[in-house]
Amino acid sequence: MRAPVLERWRGAVFRAGLLRVGAAADAHGAVSRREELLGQVAGDVLEVGAGAGATFAHYPETVRAVTAVEPDPVLRAMACDAAERAAVPIAVVDGLAERLPLPDASVDWVVCSLVLCTVPDVPAALAEIARVLRPDGRLAFFEHVRSRTPVQARFERVVTPVWSWFAGGCHLDRDTVGAIEQAGFSLADLQRWTLVPGPLLPPIAHVSGVARRPGAPISPVRERPAPGSAGPSS
């Protein structure tokens with residue numbers, strides 16, 4: 001009995017923290033970054049790890065339909081409510097990033113927003129994303145990543161085991177851009193910046209960008225500072 005109670009408590013702590021930190025990040029500039037990224041998305045879309053549906057309001061009219069996968073039942077219920085208020089059709093379903101409930105080559109875009117930090121098996125998740133994308137499909141990603149400042153990167157590596165236990169498997173020290181490239185995706189656009197989600201929280205390195213499906217034509221990556229960035233990312 002103790003283990004289920006502990007897991008329920010961990011889940012409640014994770015959800016409360018996710019919603020609180022997400023709201024703080026939105027108040028400090030994350031919304032505009034997300035809007036810019038999602039403004040490029042069109043056609044049939046899969047969102048992996050939709051959470052409570054924070055992205056749903058930002059999908060443009062160029063989107064035909066969204067399938068949003070979320071494994072947590074409480075967050076999934078919140079996402080269903082958010083889907084009803086969205087401007088585009090959104091179906092919220094249960095599922096895992098490593099076993100996506102879609103057929104091969106079925107979507108034009110996959111969206112990952114603050115989810116690849118928590119996925120247990122990132123290479124498997126990226127392989128699944130490649131599988132469901134059409135030949136000219138693209139991955140849009142918005143993620144926090146390991147700092148490029150050595151001192152902060154070491155701090156993130158040290159605290160990640162404890163942080164991850166409380167934060168639903170979130171890893172502060174992942175090189176998500178490197179993982180995307182190692183999976184065979186080619187970067188088309190990349191922005192880096194540092195987001196300070198609140199007065200008592202440390203700066204957190206973030207990236208957003210677009211990557212082409214493995215096997216798609218390659219062009220030089222456009223790496224640029226995010227609009228309105230106060231300085232170089234950490």
Side-chain angles (χ1 to χ4, degrees), residues 18 22 33-73 75-144 168-169 174 176-177 179-190 207-216:
L18 175 69
R33 317 286 193 200
R34 193 180 292 119
E35 286 178 342
E36 181 189 7
L37 178 66
L38 295 179
Q40 307 172 65
V41 175
D44 297 314
V45 178
L46 166 67
E47 180 169 344
V48 180
T55 61
F56 292 177
H58 306 301
Y59 281 113
E61 293 181 355
T62 51
V63 169
R64 184 179 302 111
V66 178
T67 301
V69 174
E70 173 51 51
D72 184 275
L75 292 175
R76 191 165 61 247
M78 298 173 68
C80 287
D81 291 339
E84 294 180 357
R85 302 188 296 271
V88 301
I90 299 178
V92 181
V93 300
D94 188 12
L96 297 172
E98 299 92 338
R99 295 193 300 276
L100 294 171
L102 273 75
D104 296 357
S106 56
V107 296
D108 301 296
W109 286 80
V110 173
V111 172
C112 291
S113 179
L114 301 177
V115 65
L116 292 176
C117 60
T118 64
V119 170
D121 189 340
V122 175
L126 290 168
E128 275 289 271
I129 289 170
R131 178 184 67 78
V132 302
L133 279 170
R134 291 175 177 139
D136 59 348
R138 299 191 179 195
L139 165 65
F141 56 91
F142 177 103
E143 299 286 341
H144 72 79
R174 279 192 173 162
T176 299
V177 174
I180 290 170
E181 292 183 301
Q182 289 170 15
F185 288 83
S186 57
L187 296 174
D189 186 37
L190 178 64
V207 296
S208 65
V210 174
R212 297 183 180 88
R213 180 187 184 279

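As the structure is a computational prediction, the values presented were derived from the model and not from experiment.
Between E143 and V115 there is a side-chain heavy-atom pair separated by less than 4.5 Å. Inter-residue side-chain proximity for F141 and T176 is flagged as unmet; no heavy-atom pair is nearer than 4.5 Å. L37 places a side-chain heavy atom less than 4.5 Å from the side chain of V210. The side-chain heavy atoms of F185 and I129, taken from C-beta on, include a pair separated by under 4.5 Å.
A search for salt bridge (Lys or Arg N to Asp or Glu O under 4.0 Å) contacts involving D94 returns R76, not counting sequence neighbours. With sequence neighbours excluded, the residues that form a side-chain contact (heavy atoms from CB on, under 4.5 Å) with P60 are T62, V63. P123 pairs by the side-chain contact (heavy atoms from CB on, under 4.5 Å) definition with D121, not counting sequence neighbours. Taking E70 as the reference, nothing meets the side-chain hydrogen bond (donor to acceptor under 3.5 Å, both in side chains) condition, with sequence neighbours excluded. Listed by chain and number, the residues in a side-chain contact (heavy atoms from CB on, under 4.5 Å) with R85 are D81, A82 (sequence neighbours excluded). Judged as a side-chain hydrogen bond (donor to acceptor under 3.5 Å, both in side chains), and not counting sequence neighbours, T67 has no contacts.
Checking side-chain atoms of R34 against main-chain N and O of F142 turns up no donor-acceptor pair under 3.5 Å. Within the 3.5 Å criterion, the main-chain N or O of A124 finds no donor-acceptor partner in the side chain of E98. Judged by distance alone, with hydrogens and angles left aside, the side-chain atoms of R213 form no donor-acceptor pair with the main-chain N or O of P135 at under 3.5 Å.
Atom OG of residue S186 and atom CG of residue L139 lie 10.5 Å apart, to the nearest 0.5 angstrom. Of the inter-residue distances, the one linking T55 atom OG1 with L114 atom CG reads 10.0 Å to the nearest 0.5 angstrom. Residue E47 holds its CD atom at 7.5 Å from CG of L38, rounded to the nearest 0.5 Å. For the atom pair CG of D189 and CZ of R212, the computed distance is 9.5 Å after rounding to the nearest 0.5 Å.
Nearest approach of A183 to P214, heavy atoms of both residues: O-CG, 3.7 Å. Nearest heavy-atom pair across L116 and R174 is O-NH1, 2.7 Å. Taking every heavy atom of both residues into account, A97 and V119 meet most closely at CB-CG2, 3.9 Å. Closest approach of A50 to A68, counting heavy atoms only: CB-CB, 3.8 Å. Smallest separation of non-hydrogen atoms from V122 and A179: CG1-CB, 4.0 Å. Residues A83 and F56 approach most closely at N-CD1, 3.6 Å, considering heavy atoms.
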Give the C-alpha distance, both sets of side-chain angles, the deciding distance and a yes or no for side-chain contact (heavy atoms from CB on, under 4.5 Å) between L133 and V107. CA-CA 5 Å; L133 279 170; V107 296; 4.1 Å; yes

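Residue pairs satisfying the side-chain hydrogen bond (donor to acceptor under 3.5 Å, both in side chains) criterion with at least one member in residues 102-115, sequence neighbours excluded, are listed as follows: D104-R131, D108-R134.
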